[in-house]
Amino acid sequence: EIGTGDWSSDVCSSVSVSVYFVQLIVIRTFISLFWELARVFPWLRLRAARIAAGGALTARDHINALFLKPEFSYGCHYSSFLMVIIIGLLFAVIAPMTYLFVACYFFFAYLVHMHQALHVYIPKCEAGGIFFFTVYTYLLGALIGAQVTLLFFLLVKEAFYPAILLTFLPVVTYIFKLDIQANFAPACERPSLELILTRDNALAKP
């Protein structure tokens with residue numbers, strides 16, 4: 001009985017920790033996303049440029065100035081998405097209500113970034129899927145962590161048969177990761193046919 005009480009207190013402490021991360025998701029949902037819509041920092045940068053130019057920008061400045069052409073910052077947004085996904089996968093095992101807040105975050109994130117992509121961001125270059133392998137590596141790593149967390153949670157609850165079945169899931173997920181890496185990574189390291197043909201046409205012109 002003492003051991004059971006100790007395990008229960010550990011689970012309760014884990015739930016309290018998950019509440020902290022849920023609060024973090026709520027803050028990112030209703031403050032960070034709408035802060036992205038406000039675009040305060042680009043406005044401050046534009047104001048500073050106008051002050052440096054003497055109070056007004058010329059038409060050439062509006063056409064050529066890089067600070068007036070916002071683009072999607074992959075590194076910043078991808079890290080935010082991965083953080084929320086990892087929190088959801090790890091803590092939803094103990095507190096399933098975490099999934100609702102994660103779903104709410106991605107619902108609003110979809111609306112915000114769809115608006116930004118259609119009406120605000122200007123595409124300067126094509127990433128070519130260079131971030132895919134980094135993102136999916138962290139994503140599958142978080143999934144394996146969630147599976148291992150659920151495995152030990154079932155062992156704590158003395159649910160040994162489900163724990164035995166769950167033992168194979170981290171192995172299957174890791175094999176899937178290696179399969180994707182082996183089959184698709186070499187092809188993505190080569191230039192696309194469209195890029196090669198465009199380059200050939202540019203070199204063929206006098």
Check whether any side-chain heavy atom of [X] sits under 4.5 Å from a side-chain heavy atom of [Y], and report yes or no.
X: L165; Y: Y161; answer: no
X: V26; Y: Y105; answer: no
X: V22; Y: M97; answer: no
X: L33; Y: L37; answer: no
X: I87; Y: V102; answer: no

Q: For F106, look at atom CZ and say whether over 12 heavy atoms of other residues, nucleotides or ligands are found less than 6.0 Å away.
A: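 Enclosed.
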(Q) Counting neighbours of OH on Y174 that are heavy atoms of other residues, nucleotides or ligands and sit closer than 6.0 Å, is the number greater than 12? (A)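 Check fails, neighbour count at 12 or below.
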What are the two closest heavy atoms between [X] and [Y], and how far apart are they?
X: A163; Y: L155; value: CB-CD2, 3.7 Å
X: V148; Y: P170; value: CG2-CG, 4.2 Å
X: L151; Y: L166; value: N-CD2, 3.3 Å

Contacts under 3.5 angstrom, residues 137-147 side chains, donor-acceptor by atom type, not counting sequence neighbours:
unit_1, atom_1, unit_2, atom_2, d
T137, OG1, F133, O, 2.5
Q147, OE1, T173, OG1, 3.3
Q147, NE2, T173, OG1, 3.1

Indicate if [X] and [Y] have the same hydrophobic cluster label, given that clusters are the connected sets of ILVMFWY residues with side-chain heavy-atom separations under 4.5 angstrom.
X: I85; Y: L24; result: yes
X: F107; Y: L82; result: yes
X: V112; Y: L118; result: yes
X: V135; Y: F176; result: yes
X: F101; Y: Y110; result: yes

Q) Ignoring hydrogens and geometry, is there a side-chain-to-backbone donor-acceptor pair from N201 to L197 under 3.5 Å? A)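 Checked: pair present.
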**Q.** Spacing of I180 atom CD1 and I175 atom CD1 [to the nearest 0.5 Å]
**A.**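 CD1 of I175 is found 13.0 Å from CD1 of I180.
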Q: List in chain and number order the residues that pass ring pair (Phe, Tyr, Trp, His ring centres under 6.0 Å) with Y78, two or more places apart in sequence or in another chain; answer none if no residue qualifies.
A: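 By the ring pair (Phe, Tyr, Trp, His ring centres under 6.0 Å) rule, Y78 matches Y74, F131.
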Q: Indicate the ring-plane relationship of H119 and H115, choosing parallel, tilted or perpendicular according to the 30° and 60° boundaries.
A: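 Aromatic pair H119/H115 classed tilted.
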Q: For the pair H113 and F81, name the ring-plane relationship: parallel under 30°, tilted 30 to 60°, perpendicular over 60°.
A: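 Perpendicular: the ring planes of H113 and F81 meet at over 60°.
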Q. How about Y136 and F132: are their ring centroids closer than 6.0 Å?
A.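 Centroid separation for Y136 and F132: below 6.0 Å.
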Q | From CA spacing to verdict: ring-ring contact (aromatic ring centres under 6.0 Å, His included), F30, F108 | A | CA-CA 9 Å; F30 295 103; F108 285 106; 5.7 Å; yes
